[in-house]
There are 2 protein chains.
Amino acid sequence: MTEAAEAGRDTEAVSRFVESFAAQLVEAGMQRMAARVFAALLASEEGVMTSAELGEQLQISPAAVSGAVRYLAQTHMVSREREPGSRRERYRVHGDQWYEALTNREAVIKRWEVALREGVASLGPNTKAGRRMAETLAFFEFIDAEVAAMMERWKRHREERFGGSE
Amino acid sequence: MTEAAEAGRDTEAVSRFVESFAAQLVEAGMQRMAARVFAALLASEEGVMTSAELGEQLQISPAAVSGAVRYLAQTHMVSREREPGSRRERYRVHGDQWYEALTNREAVIKRWEVALREGVASLGPNTKAGRRMAETLAFFEFIDAEVAAMMERWKRHREERFGGSE
DNA sequence: CCTTAACTTCACAAATTTCTGAAAGAAGCG
DNA sequence: CGCTTCTTTCAGAAATTTGTGAAGTTAAGG
């Protein structure tokens with residue numbers, strides 16, 4: 001993005017949004033640098049930024065960018081692209097990816113389910129505690145199935161409202 | 001709970017479950033002591049424990065119990081009861097409460113929505129970035145509505161499978 | 001191949017968080 | 001009312017987490 005193209009943006013306002021949205025993400029449990037990088041990408045005009053751009057906007061070291069991006073890529077909230085014919089890397093938020101990442105809380109839920117199954121087994125399925133845990137387990141299993149269906153509905157809803165892809 | 005009633009439980013196995021489930025909760029972002037206390041309550045036969053019992057099982061100070069319980073009560077994952085005619089307090093997991101607490105991620109989502117609306121305003125709704133954020137906002141609004149409906153379906157499902165209330 | 005630009009890894013300093021012991025604060029019970 | 005038992009608050013020690021600079025690694029481009 002050229003400086004001319006950048007000119008239309010209220011840098012101050014963007015930065016305020018980035019920091020306030022990042023703060024919300026942090027409060028919800030995300031690492032701080034990851035949250036700030038994500039918010040910056042979300043607010044960038046094209047949804048794409050280079051490592052250098054991120055470092056400059058957020059005033060953080062290359063190392064911090066590297067760490068944040070690794071986390072975001074692992075959790076599928078951001079994808080990395082190699083600018084062809086350059087060792088510069090670019091990071092991108094894809095609308096859909098980010099929704100699906102939220103869905104990936106499924107992975108977390110799966111591990112809870114495993115732990116709960118072991119718990120039911122240890123406590124015995126006919127104890128009160130065992131039954132309580134079995135019910136909790138059933139809840140998570142229910143949620144699992146429902147979330148998948150919900151994402152389907154969202155995709156349809158989105159098509160209607162926003163038209164084609166991204 | 002008397003020692004005799006306690007006798008049937010494999011203390012070792014229970015403790016293993018408590019610690020492993022708590023670890024999962026921590027990984028998902030919950031404070032450690034809160035997670036351990038919650039897991040202990042979940043695994044307790046009656047779903048109720050006193051501060052002293054918690055302190056002893058988890059090997060933590062009264063202060064730590066106090067802090068954990070405050071957090072859990074604030075987030076509605078546990079309720080506090082005063083044992084009538086005693087200054088001893090008892091903490092309880094209610095099946096339903098705990099499900100609804102998960103739903104209370106709604107509160108978090110609401111705050112994200114506020115931040116995103118400001119973002120759309122700052123960036124301008126006709127910029128690419130503004131549109132991207134508007135779509136993200138729409139996603140959360142959609143989720144909000146869906147989660148409420150999902151909890152309704154769960155309650156019905158639960159009735160069928162487990163019968164009456166807790 | 002060698003140079004150089006870019007990203008990553010690592011060890012450490014700084015900041016933050018977490019848990020504790022001790023003291024203070026409630027509330028039952030005589 | 002005051003004693004006693006339980007819970008909460010608070011200040012600080014300990015542990016953990018976080019972000020940096022610097023060295024290391026990779027790959028483009030001459």
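Numbered from 1 within each chain, the chains take letters A, B, ... in sequence-line order.
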TODO: Report, as a single string ordered 5' to 3', how protein heavy atoms within less than 4.0 Å touch nucleotides 3-22 of chain C: B base, S sugar-phosphate only, - not at all.
DONE: --BSSBB---------SBB-

Open item on the list: Quick one: does any side-chain atom of A:Glu45 pair with a main-chain N or O of B:Lys128 as donor and acceptor, under 3.5 Å?
Closed with: yes

Task: salt_bridge(B:Glu27, A:Arg111) N-O dist < 4.0 Å - done: yes

- [ ] Flag the pair A:Lys155 / A:Glu159 as yes when at least one side-chain heavy-atom distance between them is below 4.5 Å, and no otherwise.
- [x] no

Task: ILVMFWY network linking A:Ile109 to A:Phe139, side-chain heavy atoms under 4.5 angstrom - done: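 The answer is yes; both residues are in one hydrophobic cluster.
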
Open item on the list: Near DNA chain D, counting only heavy atoms under 4.0 Å, which residues of residues 35-42 of chain B show up?
Closed with: none

TODO: Classify the angle between the aromatic ring planes of B:His157 and B:Trp154 as parallel (below 30°), tilted (30 to 60°) or perpendicular (above 60°).
DONE: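 Aromatic pair B:His157/B:Trp154 classed tilted.
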
TODO: Can you label the angle between the B:Phe38 ring and the B:Trp98 ring as parallel, tilted or perpendicular, going by 30° and 60°?
DONE: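 Tilted.
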
Task: side chain to side chain contact (heavy atoms under 4.5 Å, CB included), paired with B:Glu141, selected from B:Leu137, B:Ile143, B:Asp144 - done: B:Leu137

